[in-house]
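Some notes on the structure that comes next.
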Amino acid sequence: MSKKNGIEALSRRAFLASAATVGASAIAAPAFAQSALDTLINAPRRGNWDDQFDAKAASRTATAMVSNTPILGPQSVASAQQAIMQYQQIAAAGGWPEVNPGDQRLQLGVSSPAVQALRQRLAITGDLPREAGLSNAFDSYVDGAVKRFQARHGLPADGVLGEFTLKAMNIPADVRLQQLNTNVIRLQTFPEDLGRRHLMVNIPAAYVEAVEDGSVATRHAAVVGRISRPTHIVNSKVYEVILNPYWTAPRSIVEKDIVPLMRKDPTYLEKNAIRLLDGKGNEVAPETIDWNGEAPNLMFRQDPGKTNAMASTKINFHNKNGEYMHDTPQQGLFNKLMRFESSGCVRVQNVRDLTNWLLRETPGWNRQQMEQVIATRVNTPITLGSEVPVYFVYISAWGMPDGIVQFRDDIYQLDGNAELALDTTTGIEQPVQ
(Lines give C-alpha, C1' and ligand atoms only; values in the text may rest on other atoms or scores of the structure.)
Protein backbone atom coordinates (compact mmCIF):
# COMPACT_ATOMS: atom_id res chain seq x y z
CA MET A 1 0.00 0.00 0.00
CA SER A 2 1.41 3.40 -0.90
CA LYS A 3 2.24 6.11 1.65
CA LYS A 4 3.66 9.63 1.48
CA ASN A 5 6.81 11.04 3.14
CA GLY A 6 6.20 12.46 6.59
CA ILE A 7 2.91 10.62 7.10
CA GLU A 8 2.48 7.38 8.96
CA ALA A 9 1.03 4.82 6.56
CA LEU A 10 -2.21 3.05 7.34
CA SER A 11 -1.65 -0.61 7.98
CA ARG A 12 -3.38 -3.06 5.67
CA ARG A 13 -5.67 -4.11 8.47
CA ALA A 14 -6.61 -0.52 9.30
CA PHE A 15 -7.25 0.26 5.64
CA LEU A 16 -9.57 -2.71 5.21
CA ALA A 17 -11.36 -1.90 8.45
CA SER A 18 -11.94 1.67 7.35
CA ALA A 19 -13.31 0.50 4.00
CA ALA A 20 -15.74 -1.86 5.72
CA THR A 21 -16.98 0.64 8.31
CA VAL A 22 -16.91 3.96 6.52
CA GLY A 23 -20.43 3.48 5.15
CA ALA A 24 -21.92 2.95 8.60
CA SER A 25 -19.97 5.82 10.14
CA ALA A 26 -21.11 8.08 7.32
CA ILE A 27 -24.74 7.44 8.18
CA ALA A 28 -24.23 8.09 11.87
CA ALA A 29 -22.37 11.37 11.34
CA PRO A 30 -24.49 14.55 11.12
CA ALA A 31 -23.99 16.67 8.02
CA PHE A 32 -21.73 13.93 6.69
CA ALA A 33 -20.83 15.61 3.41
CA GLN A 34 -19.42 18.72 5.06
CA SER A 35 -17.72 16.69 7.77
CA ALA A 36 -16.02 14.50 5.18
CA LEU A 37 -14.78 17.53 3.27
CA ASP A 38 -13.50 19.21 6.42
CA THR A 39 -11.54 16.12 7.37
CA LEU A 40 -10.05 15.83 3.90
CA ILE A 41 -9.12 19.49 3.74
CA ASN A 42 -7.45 19.39 7.15
CA ALA A 43 -5.57 16.16 6.50
CA PRO A 44 -1.83 16.47 5.78
CA ARG A 45 -1.04 16.78 2.09
CA ARG A 46 0.56 13.80 0.45
CA GLY A 47 3.60 14.34 -1.70
CA ASN A 48 6.03 11.75 -3.08
CA TRP A 49 5.35 8.19 -4.13
CA ASP A 50 7.05 5.09 -2.79
CA ASP A 51 7.05 1.45 -3.84
CA GLN A 52 4.89 -0.12 -1.14
CA PHE A 53 1.57 -0.14 -3.01
CA ASP A 54 -0.36 -3.39 -2.46
CA ALA A 55 -2.79 -3.88 -5.34
CA LYS A 56 -4.47 -6.87 -3.69
CA ALA A 57 -5.27 -4.90 -0.53
CA ALA A 58 -6.79 -2.03 -2.51
CA SER A 59 -8.92 -4.31 -4.65
CA ARG A 60 -10.47 -5.92 -1.56
CA THR A 61 -12.57 -2.79 -1.14
CA ALA A 62 -14.50 -3.90 -4.21
CA THR A 63 -14.98 -7.52 -3.17
CA ALA A 64 -16.25 -6.30 0.21
CA MET A 65 -19.35 -5.03 -1.63
CA VAL A 66 -20.54 -8.61 -2.14
CA SER A 67 -22.88 -9.82 0.59
CA ASN A 68 -24.81 -12.99 1.42
CA THR A 69 -27.74 -10.80 2.48
CA PRO A 70 -30.43 -10.90 -0.24
CA ILE A 71 -31.84 -7.75 -1.79
CA LEU A 72 -35.37 -8.87 -0.84
CA GLY A 73 -35.91 -9.81 2.77
CA PRO A 74 -37.08 -8.66 6.21
CA GLN A 75 -34.40 -5.94 6.36
CA SER A 76 -34.87 -4.57 2.83
CA VAL A 77 -37.14 -1.63 3.60
CA ALA A 78 -35.25 -0.57 6.73
CA SER A 79 -31.94 -0.72 4.86
CA ALA A 80 -33.36 1.39 2.03
CA GLN A 81 -34.71 3.93 4.52
CA GLN A 82 -31.29 4.08 6.16
CA ALA A 83 -29.77 4.81 2.74
CA ILE A 84 -32.37 7.52 2.15
CA MET A 85 -31.37 9.21 5.42
CA GLN A 86 -27.72 9.16 4.37
CA TYR A 87 -28.44 10.70 0.98
CA GLN A 88 -30.80 13.26 2.49
CA GLN A 89 -27.88 14.47 4.62
CA ILE A 90 -25.58 14.54 1.60
CA ALA A 91 -28.07 16.45 -0.55
CA ALA A 92 -28.83 18.94 2.27
CA ALA A 93 -25.10 19.65 2.62
CA GLY A 94 -24.77 20.54 -1.05
CA GLY A 95 -24.15 17.16 -2.63
CA TRP A 96 -20.79 16.41 -4.23
CA PRO A 97 -18.53 18.17 -6.74
CA GLU A 98 -18.55 17.25 -10.41
CA VAL A 99 -15.54 15.25 -11.54
CA ASN A 100 -14.31 16.54 -14.88
CA PRO A 101 -10.96 15.10 -16.01
CA GLY A 102 -11.27 16.53 -19.52
CA ASP A 103 -9.28 14.45 -21.96
CA GLN A 104 -7.07 13.00 -19.24
CA ARG A 105 -7.58 9.38 -18.20
CA LEU A 106 -7.70 9.19 -14.42
CA GLN A 107 -6.20 5.99 -13.05
CA LEU A 108 -3.54 4.78 -10.64
CA GLY A 109 -0.28 6.75 -10.99
CA VAL A 110 -1.79 9.90 -12.50
CA SER A 111 -1.30 13.30 -10.90
CA SER A 112 -3.88 15.93 -11.81
CA PRO A 113 -5.88 18.76 -10.17
CA ALA A 114 -9.01 16.81 -11.15
CA VAL A 115 -8.06 14.15 -8.58
CA GLN A 116 -8.84 16.58 -5.74
CA ALA A 117 -12.47 16.81 -6.86
CA LEU A 118 -12.48 13.04 -7.29
CA ARG A 119 -11.25 12.57 -3.70
CA GLN A 120 -13.98 14.89 -2.41
CA ARG A 121 -16.63 13.07 -4.44
CA LEU A 122 -15.57 9.65 -3.14
CA ALA A 123 -15.22 10.76 0.48
CA ILE A 124 -18.73 12.22 0.62
CA THR A 125 -20.31 8.83 -0.19
CA GLY A 126 -17.96 6.94 2.12
CA ASP A 127 -15.93 5.28 -0.62
CA LEU A 128 -12.66 7.04 0.30
CA PRO A 129 -11.34 7.04 3.88
CA ARG A 130 -11.20 10.59 5.17
CA GLU A 131 -7.64 10.01 6.37
CA ALA A 132 -6.56 9.89 2.72
CA GLY A 133 -6.53 13.70 2.53
CA LEU A 134 -6.60 16.00 -0.49
CA SER A 135 -3.90 15.91 -3.12
CA ASN A 136 -3.48 15.67 -6.88
CA ALA A 137 -2.19 12.11 -6.65
CA PHE A 138 -4.30 9.15 -7.80
CA ASP A 139 -2.74 6.83 -5.24
CA SER A 140 -3.71 3.45 -3.81
CA TYR A 141 -6.36 5.02 -1.56
CA VAL A 142 -8.10 6.60 -4.54
CA ASP A 143 -7.69 3.40 -6.56
CA GLY A 144 -9.40 1.38 -3.84
CA ALA A 145 -12.14 4.01 -3.46
CA VAL A 146 -12.90 4.08 -7.19
CA LYS A 147 -13.11 0.27 -7.22
CA ARG A 148 -15.49 0.40 -4.27
CA PHE A 149 -17.65 2.98 -6.07
CA GLN A 150 -17.65 0.89 -9.25
CA ALA A 151 -18.67 -2.26 -7.37
CA ARG A 152 -21.57 -0.38 -5.73
CA HIS A 153 -22.78 0.68 -9.17
CA GLY A 154 -22.46 -2.68 -10.93
CA LEU A 155 -19.45 -1.56 -12.99
CA PRO A 156 -16.18 -3.45 -13.56
CA ALA A 157 -13.99 -2.68 -10.55
CA ASP A 158 -10.87 -1.74 -12.53
CA GLY A 159 -10.06 1.56 -10.80
CA VAL A 160 -10.20 3.51 -14.07
CA LEU A 161 -12.62 6.38 -14.62
CA GLY A 162 -14.11 5.24 -17.90
CA GLU A 163 -17.20 6.66 -19.59
CA PHE A 164 -19.85 4.90 -17.50
CA THR A 165 -18.03 5.28 -14.17
CA LEU A 166 -17.78 9.02 -14.78
CA LYS A 167 -21.46 9.23 -15.78
CA ALA A 168 -22.52 7.38 -12.64
CA MET A 169 -20.25 9.52 -10.47
CA ASN A 170 -21.67 12.81 -11.78
CA ILE A 171 -25.33 12.04 -11.26
CA PRO A 172 -26.38 14.66 -8.66
CA ALA A 173 -27.07 13.65 -5.07
CA ASP A 174 -30.70 14.79 -5.19
CA VAL A 175 -31.29 12.56 -8.24
CA ARG A 176 -29.80 9.57 -6.41
CA LEU A 177 -32.04 10.41 -3.45
CA GLN A 178 -35.05 10.43 -5.76
CA GLN A 179 -33.98 7.02 -7.12
CA LEU A 180 -33.81 5.59 -3.59
CA ASN A 181 -37.26 7.02 -2.76
CA THR A 182 -38.71 5.42 -5.90
CA ASN A 183 -37.23 2.04 -5.11
CA VAL A 184 -38.19 1.90 -1.43
CA ILE A 185 -41.82 2.04 -2.61
CA ARG A 186 -41.15 -1.01 -4.79
CA LEU A 187 -39.52 -2.83 -1.90
CA GLN A 188 -42.54 -2.15 0.32
CA THR A 189 -44.76 -4.18 -2.01
CA PHE A 190 -43.05 -7.47 -1.13
CA PRO A 191 -44.01 -9.59 1.88
CA GLU A 192 -41.34 -10.33 4.46
CA ASP A 193 -41.85 -14.07 3.94
CA LEU A 194 -40.87 -14.83 0.36
CA GLY A 195 -40.49 -18.55 0.94
CA ARG A 196 -37.77 -20.55 2.67
CA ARG A 197 -36.23 -21.26 -0.73
CA HIS A 198 -36.82 -18.79 -3.54
CA LEU A 199 -35.26 -17.13 -6.58
CA MET A 200 -34.95 -13.40 -7.20
CA VAL A 201 -34.11 -12.01 -10.64
CA ASN A 202 -33.19 -8.32 -10.40
CA ILE A 203 -33.60 -6.98 -13.92
CA PRO A 204 -31.54 -3.74 -13.78
CA ALA A 205 -28.75 -5.53 -11.88
CA ALA A 206 -28.89 -8.42 -14.40
CA TYR A 207 -28.34 -11.13 -11.87
CA VAL A 208 -30.11 -13.96 -10.08
CA GLU A 209 -30.08 -14.77 -6.37
CA ALA A 210 -31.02 -18.21 -5.05
CA VAL A 211 -32.01 -17.60 -1.44
CA GLU A 212 -32.32 -20.21 1.27
CA ASP A 213 -33.14 -19.59 4.93
CA GLY A 214 -32.58 -15.86 4.56
CA SER A 215 -29.14 -16.09 2.95
CA VAL A 216 -27.95 -16.03 -0.66
CA ALA A 217 -26.97 -19.62 -1.45
CA THR A 218 -25.75 -18.86 -4.97
CA ARG A 219 -25.66 -15.76 -7.16
CA HIS A 220 -25.51 -15.70 -10.96
CA ALA A 221 -24.86 -13.10 -13.62
CA ALA A 222 -27.71 -12.97 -16.11
CA VAL A 223 -28.63 -11.59 -19.52
CA VAL A 224 -32.09 -9.97 -19.47
CA GLY A 225 -34.36 -8.37 -22.04
CA ARG A 226 -33.29 -5.34 -24.04
CA ILE A 227 -35.39 -2.20 -23.75
CA SER A 228 -37.40 -3.00 -26.91
CA ARG A 229 -38.18 -6.52 -25.61
CA PRO A 230 -38.11 -6.13 -21.82
CA THR A 231 -38.16 -8.92 -19.30
CA HIS A 232 -41.46 -8.72 -17.43
CA ILE A 233 -41.91 -8.28 -13.69
CA VAL A 234 -43.35 -11.56 -12.40
CA ASN A 235 -44.20 -13.26 -9.12
CA SER A 236 -44.42 -16.95 -9.95
CA LYS A 237 -43.11 -20.42 -9.17
CA VAL A 238 -40.55 -22.61 -10.87
CA TYR A 239 -42.23 -25.94 -11.56
CA GLU A 240 -39.95 -27.67 -14.07
CA VAL A 241 -36.36 -28.05 -15.20
CA ILE A 242 -35.68 -29.46 -18.67
CA LEU A 243 -32.25 -30.94 -19.32
CA ASN A 244 -31.23 -30.97 -22.99
CA PRO A 245 -34.22 -28.86 -24.07
CA TYR A 246 -35.54 -28.44 -27.57
CA TRP A 247 -35.60 -24.84 -28.78
CA THR A 248 -38.49 -23.64 -30.90
CA ALA A 249 -37.66 -20.54 -32.92
CA PRO A 250 -40.16 -17.69 -32.49
CA ARG A 251 -41.94 -16.60 -35.66
CA SER A 252 -40.08 -13.27 -35.65
CA ILE A 253 -36.70 -14.99 -35.73
CA VAL A 254 -37.87 -17.41 -38.43
CA GLU A 255 -38.91 -14.48 -40.65
CA LYS A 256 -36.09 -12.06 -39.91
CA ASP A 257 -33.15 -14.41 -39.46
CA ILE A 258 -33.60 -18.04 -40.45
CA VAL A 259 -35.32 -17.62 -43.83
CA PRO A 260 -32.76 -15.06 -45.11
CA LEU A 261 -29.96 -17.37 -43.94
CA MET A 262 -31.52 -20.32 -45.77
CA ARG A 263 -31.55 -18.26 -48.97
CA LYS A 264 -27.80 -17.74 -48.60
CA ASP A 265 -26.94 -21.22 -47.34
CA PRO A 266 -29.44 -24.06 -47.97
CA THR A 267 -27.57 -26.23 -45.43
CA TYR A 268 -28.10 -23.76 -42.55
CA LEU A 269 -30.86 -25.80 -40.87
CA GLU A 270 -28.85 -29.01 -41.07
CA LYS A 271 -25.71 -27.35 -39.69
CA ASN A 272 -27.65 -26.01 -36.73
CA ALA A 273 -29.70 -29.17 -36.06
CA ILE A 274 -33.00 -27.39 -36.76
CA ARG A 275 -35.87 -29.57 -38.00
CA LEU A 276 -39.12 -28.53 -39.69
CA LEU A 277 -42.30 -30.00 -38.21
CA ASP A 278 -45.86 -29.65 -39.46
CA GLY A 279 -48.95 -29.32 -37.29
CA LYS A 280 -49.12 -33.10 -36.79
CA GLY A 281 -45.49 -33.39 -35.70
CA ASN A 282 -44.29 -34.83 -38.98
CA GLU A 283 -40.85 -33.78 -40.19
CA VAL A 284 -40.72 -31.78 -43.45
CA ALA A 285 -37.62 -31.83 -45.66
CA PRO A 286 -36.09 -28.33 -46.09
CA GLU A 287 -35.45 -28.93 -49.79
CA THR A 288 -39.22 -29.11 -50.39
CA ILE A 289 -39.66 -25.48 -49.30
CA ASP A 290 -39.45 -22.45 -51.58
CA TRP A 291 -37.19 -20.26 -49.44
CA ASN A 292 -37.59 -17.29 -51.79
CA GLY A 293 -41.24 -16.97 -50.81
CA GLU A 294 -42.85 -16.26 -47.45
CA ALA A 295 -41.68 -18.08 -44.35
CA PRO A 296 -43.38 -21.50 -44.19
CA ASN A 297 -46.07 -22.05 -41.57
CA LEU A 298 -44.03 -24.76 -39.83
CA MET A 299 -42.38 -25.30 -36.47
CA PHE A 300 -38.61 -24.69 -36.53
CA ARG A 301 -37.34 -26.89 -33.70
CA GLN A 302 -33.68 -27.19 -32.75
CA ASP A 303 -32.45 -30.51 -31.34
CA PRO A 304 -30.68 -30.68 -27.96
CA GLY A 305 -26.93 -30.24 -28.06
CA LYS A 306 -24.06 -27.79 -27.78
CA THR A 307 -25.39 -25.53 -30.53
CA ASN A 308 -28.89 -25.37 -29.05
CA ALA A 309 -29.90 -21.80 -28.21
CA MET A 310 -30.67 -22.91 -24.63
CA ALA A 311 -27.65 -25.24 -24.41
CA SER A 312 -28.01 -27.67 -21.48
CA THR A 313 -30.94 -26.32 -19.46
CA LYS A 314 -34.32 -24.63 -19.49
CA ILE A 315 -36.07 -23.52 -16.28
CA ASN A 316 -39.84 -23.10 -16.56
CA PHE A 317 -42.06 -21.00 -14.33
CA HIS A 318 -45.73 -20.07 -14.67
CA ASN A 319 -46.22 -16.83 -16.65
CA LYS A 320 -48.36 -15.51 -19.49
CA ASN A 321 -45.42 -14.08 -21.44
CA GLY A 322 -43.80 -17.36 -22.44
CA GLU A 323 -40.58 -16.35 -20.67
CA TYR A 324 -38.17 -18.74 -18.97
CA MET A 325 -34.59 -18.97 -17.70
CA HIS A 326 -31.99 -20.95 -19.60
CA ASP A 327 -28.39 -21.79 -20.38
CA THR A 328 -26.64 -20.39 -23.46
CA PRO A 329 -23.83 -21.50 -25.78
CA GLN A 330 -22.68 -17.87 -25.86
CA GLN A 331 -20.92 -17.79 -22.50
CA GLY A 332 -18.95 -14.70 -23.48
CA LEU A 333 -22.12 -12.62 -23.04
CA PHE A 334 -21.69 -12.83 -19.25
CA ASN A 335 -18.36 -11.01 -19.49
CA LYS A 336 -19.94 -7.94 -21.05
CA LEU A 337 -20.41 -4.72 -19.13
CA MET A 338 -24.10 -4.45 -20.02
CA ARG A 339 -26.21 -7.58 -20.27
CA PHE A 340 -29.51 -6.34 -21.67
CA GLU A 341 -29.66 -8.26 -24.92
CA SER A 342 -32.34 -10.97 -24.84
CA SER A 343 -35.89 -11.02 -26.18
CA GLY A 344 -37.32 -11.25 -22.67
CA CYS A 345 -36.08 -14.61 -21.42
CA VAL A 346 -33.19 -14.73 -18.95
CA ARG A 347 -29.89 -16.45 -19.66
CA VAL A 348 -28.12 -17.59 -16.49
CA GLN A 349 -24.39 -17.99 -15.99
CA ASN A 350 -23.31 -21.26 -14.34
CA VAL A 351 -26.89 -22.42 -14.72
CA ARG A 352 -26.01 -25.99 -13.71
CA ASP A 353 -25.20 -24.76 -10.19
CA LEU A 354 -28.61 -23.13 -10.07
CA THR A 355 -30.29 -26.24 -11.49
CA ASN A 356 -28.57 -28.41 -8.90
CA TRP A 357 -29.89 -26.10 -6.18
CA LEU A 358 -33.42 -26.21 -7.63
CA LEU A 359 -33.39 -30.03 -7.81
CA ARG A 360 -31.85 -30.60 -4.40
CA GLU A 361 -35.23 -31.34 -2.80
CA THR A 362 -36.48 -33.39 -5.77
CA PRO A 363 -35.95 -37.11 -5.01
CA GLY A 364 -33.67 -39.02 -7.34
CA TRP A 365 -31.57 -36.09 -8.52
CA ASN A 366 -28.09 -34.97 -7.58
CA ARG A 367 -25.32 -33.16 -9.43
CA GLN A 368 -23.74 -36.36 -10.78
CA GLN A 369 -27.03 -37.68 -12.15
CA MET A 370 -27.82 -34.32 -13.72
CA GLU A 371 -24.44 -34.18 -15.49
CA GLN A 372 -24.84 -37.74 -16.74
CA VAL A 373 -28.20 -36.89 -18.33
CA ILE A 374 -26.83 -33.72 -19.93
CA ALA A 375 -24.03 -35.78 -21.48
CA THR A 376 -26.60 -38.02 -23.22
CA ARG A 377 -28.18 -35.02 -25.02
CA VAL A 378 -31.58 -36.67 -24.50
CA ASN A 379 -34.45 -34.30 -23.79
CA THR A 380 -35.39 -34.85 -20.13
CA PRO A 381 -38.15 -32.83 -18.40
CA ILE A 382 -38.04 -32.93 -14.57
CA THR A 383 -40.95 -31.80 -12.41
CA LEU A 384 -39.73 -30.25 -9.15
CA GLY A 385 -40.77 -32.06 -5.98
CA SER A 386 -41.79 -28.68 -4.55
CA GLU A 387 -42.33 -25.59 -6.67
CA VAL A 388 -39.87 -22.79 -5.87
CA PRO A 389 -41.14 -19.18 -5.73
CA VAL A 390 -39.45 -16.83 -8.20
CA TYR A 391 -39.63 -13.04 -8.18
CA PHE A 392 -38.65 -10.97 -11.23
CA VAL A 393 -38.12 -7.49 -9.77
CA TYR A 394 -37.01 -4.04 -10.89
CA ILE A 395 -34.85 -2.67 -8.07
CA SER A 396 -32.30 -0.14 -9.32
CA ALA A 397 -31.26 1.28 -5.93
CA TRP A 398 -31.13 -0.36 -2.53
CA GLY A 399 -29.34 -0.32 0.79
CA MET A 400 -27.81 -3.16 2.79
CA PRO A 401 -27.76 -3.66 6.57
CA ASP A 402 -24.03 -2.84 6.65
CA GLY A 403 -24.74 0.64 5.26
CA ILE A 404 -23.51 0.01 1.72
CA VAL A 405 -25.77 1.61 -0.90
CA GLN A 406 -26.08 0.09 -4.37
CA PHE A 407 -27.23 1.72 -7.62
CA ARG A 408 -27.80 0.37 -11.12
CA ASP A 409 -28.56 1.82 -14.55
CA ASP A 410 -32.28 2.46 -15.00
CA ILE A 411 -32.28 0.28 -18.11
CA TYR A 412 -36.04 0.47 -18.79
CA GLN A 413 -36.34 4.16 -17.81
CA LEU A 414 -38.84 3.50 -15.03
CA ASP A 415 -37.29 5.67 -12.29
CA GLY A 416 -38.63 8.99 -13.56
CA ASN A 417 -35.39 10.77 -14.46
CA ALA A 418 -33.54 10.53 -17.76
CA GLU A 419 -30.19 11.01 -15.99
CA LEU A 420 -30.54 7.58 -14.41
CA ALA A 421 -30.55 5.82 -17.78
CA LEU A 422 -26.85 6.05 -18.55
CA ASP A 423 -27.06 4.98 -22.22
CA THR A 424 -25.18 1.82 -21.34
CA THR A 425 -27.06 -0.31 -23.85
CA THR A 426 -24.99 0.52 -26.91
CA GLY A 427 -23.42 -2.29 -28.88
CA ILE A 428 -26.29 -4.73 -28.44
CA GLU A 429 -25.83 -8.01 -30.26
CA GLN A 430 -28.54 -9.85 -32.17
CA PRO A 431 -30.40 -12.13 -29.69
CA VAL A 432 -30.53 -15.87 -30.28
CA GLN A 433 -33.92 -16.54 -28.71
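Counting from 1, the numbers follow the sequence of the chain as shown.
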Decide whether [X] and [Y] meet the rule of one side-chain donor and one side-chain acceptor closer than 3.5 Å.
X	Y	value
Q116	R119	no
Q150	D158	yes
S386	E361	no

Taking only distance into account, with no hydrogens and no angle test, what donor-acceptor pairs under 3.5 Å do side-chain atoms of residues 184-195 form with protein atoms, sequence neighbours excluded?
unit_1: R186; atom_1: NH1; unit_2: N183; atom_2: OD1; d: 3.0
unit_1: R186; atom_1: NH1; unit_2: Y394; atom_2: O; d: 3.3
unit_1: R186; atom_1: NH1; unit_2: D415; atom_2: OD1; d: 2.8
unit_1: R186; atom_1: NH2; unit_2: L414; atom_2: O; d: 3.1
unit_1: R186; atom_1: NH2; unit_2: D415; atom_2: OD1; d: 2.9
unit_1: T189; atom_1: OG1; unit_2: R186; atom_2: O; d: 2.6
unit_1: D193; atom_1: OD1; unit_2: G195; atom_2: N; d: 3.1

Report the distance from atom CG of N319 to atom OG of S236, rounding to the nearest 0.5 Å.
6.0 Å
Gap separating the CD1 atom of I242 from the OG atom of S312, nearest 0.5 angstrom
12.0 Å
Could I get the full list of side-chain contact (heavy atoms from CB on, under 4.5 Å) partners for R301, not counting sequence neighbours?
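Checked R301 against side-chain contact (heavy atoms from CB on, under 4.5 Å); matches are Y246, T248, L277, M299.
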Applying side-chain contact (heavy atoms from CB on, under 4.5 Å), name anything that partners D174, two or more places apart in sequence or on another chain.
P172
E212: partners by salt bridge (charged side-chain N to carboxylate O under 4.0 Å, His left out), with sequence neighbours left out
R196, R197, R360
Which of parallel (below 30°), tilted (30 to 60°) and perpendicular (above 60°) describes W398 and Y207?
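Aromatic pair W398/Y207 classed perpendicular.
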Any side-chain heavy-atom pair from M325 and V201 closer than 4.5 angstrom?
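A side-chain contact exists here, since the closest heavy-atom pair is under 4.5 Å.
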Side chain to side chain, V346 and E323, heavy atoms closer than 4.5 Å:
no
For E371, what residues pass the side chain to side chain donor-acceptor pair (under 3.5 Å) criterion, not counting sequence neighbours?
R352, R367
Who passes side chain to side chain donor-acceptor pair (under 3.5 Å) against Q178, sequence neighbours left out?
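Listed in chain order: nothing, the list is empty.
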Check each of F149, F164, Y87 against F407 using the ring pair (Phe, Tyr, Trp, His ring centres under 6.0 Å) test, and report the only one that passes.
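Answer to the ring pair (Phe, Tyr, Trp, His ring centres under 6.0 Å) test with F407 among F149, F164, Y87: Y87.
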Are any of the side-chain nitrogens in K167 or D409 under 4.0 Å away from the carboxylate oxygens of its partner?
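Looking at D409 together with K167, the answer is no, because their closest N to O distance does not fall below 4.0 Å.
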